[in-house]
Number of protein chains: 2
Amino acid sequence: MVPMARAATTSDVFNAIAEPQRRQILVLLRAGERPVTELAQELGMTQPGASKHLRVLREVGLVRDRKAGKQRLYGLDARGLRPVHEWTGGFERFWNESFDRLDAYVQDLKQTRQEE
Amino acid sequence: MVPMARAATTSDVFNAIAEPQRRQILVLLRAGERPVTELAQELGMTQPGASKHLRVLREVGLVRDRKAGKQRLYGLDARGLRPVHEWTGGFERFWNESFDRLDAYVQDLKQTRQEE
DNA sequence: TTGACGTATGCCGATATCGGCATACGATGG
DNA sequence: CCATCGTATGCCGATATCGGCATACGTCAA
């Protein structure tokens, strides 16, 4: 039996956006297509570093590239973010409720302390 | 200079939900509080495995625990998911637009091929 | 073809991650 | 106090990740 370091899909959208720098890249790309060098410079990272992050983003489909002369322009394809948005949205009704629950929880704690 | 394996916060909410099993745990907890053993059994994982995932979820604040006699009940605190929902929501208007852009992109490809 | 520019890839070291297992910890009941 | 149940932690091996660096690749211009 061969141990795995990460279950199932080691490279899905959730994983891709777990990296802060990759999220920054996506944000920048909302303004339009950009070459790698420009992205790297704006984010204060090396060109190879930016290329690697873009590779991950491309493999999960969040980014696409097209040749523009000598350059290669990267553009946003945000459709892959929709499942993440919807998944988190499934917890929307708990955002308010959990405040109440937390209050109840705190009340329980107080009461427990008094009983001791 | 000490190299880092992951930039900045190695344990934020984005990272916590990057793990499929941890997402499953959160989904299960929507039905209410549960002890570790029950979660482990329902998800087909070992008890130590479940405990470790719950620890990560607790450290990022997505889950809280309270003692209930001999047991320890884990409950959902979904407030931390809100930033993720909002961040992805920032790309909402690109979900439809990217369809168009993709079409334009495909058109460009066809045209490029014809020109060659 | 050769050179220059833009970009991708390969290798490395340090570290983080995950599953599996054994075992320690903690609380309850007898 | 002692045993038992529920849970957490520690250690291990395999692998993934990230940054830095050098360098290969590809394209255009002269």
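Within every chain, numbering begins at 1; the chains are lettered A, B, ... in the order of the sequence lines, protein sequences first and strands thereafter.
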### Task
Determine, for nucleotides 24-30 of chain D in 5'-to-3' order, which nucleotides have protein heavy atoms under 4.0 Å from the base (write B), from only the sugar-phosphate (write S), or from neither (write -).
---BS--

### Message
Test side chain to side chain donor-acceptor pair (under 3.5 Å) on A/Y74 and A/R58; report intermediate values, then the result.
### Response
CA-CA 9 Å; A/Y74 279 88; A/R58 195 190 333 138; 3.3 Å; yes

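- Residue B/L28 holds its CG atom at 13.5 Å from CZ of B/R23, rounded to the nearest 0.5 Å.
- Counting heavy atoms from C-beta outward, A/V13 and A/L81 have side chains that approach closer than 4.5 Å.
- A salt bridge does not link A/R82 to A/D77: none of the charged side-chain nitrogens sits closer than 4.0 Å to a carboxylate oxygen.
- Atom CD of B/E59 and atom P of D/dA8 are 12 Å apart (whole Å).
- Classification of the B/H85-A/H85 ring pair by plane angle, with boundaries at 30° and 60°, yields parallel.
- Salt bridge status for A/E33 with A/R66: present, with a side-chain N to carboxylate O gap under 4.0 Å.
- OP1 or OP2 of C/dG19 sits under 4.0 Å from a side-chain N or O of B/Q21.
- As rounded to whole Å, 13 Å separates atom C1' of C/dC18 from atom CG of B/N15.
- The shortest distance between the side-chain N/O atoms of B/Y74 and the OP1/OP2 oxygens of D/dG6 is not below 4.0 Å.
- The two residues B/L62 and B/I17 come nearest to each other via the heavy atoms CD1-CG2, 3.9 Å.
- Side-chain N/O atoms of A/H53 include one lying less than 4.0 angstrom from OP1 or OP2 on D/dG19.
- The interatomic distance linking B/L54 (CG) with D/dT7 (P) rounds to 10 Å, in whole Å.
- Between A/R55 and A/E59, at least one side-chain N (NZ, or NE/NH1/NH2) sits under 4.0 Å from a carboxylate O, which counts as a salt bridge.
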Identify all pairs in which a protein N or O lies below 3.5 Å from an N or O of nucleotides 9-11 of chain C, and state each distance.
unit_1 : atom_1 : unit_2 : atom_2 : d
C/dT9  : OP2    : A/R55  : NH1    : 3.2
C/dG10 : O6     : A/K52  : NZ     : 3.0

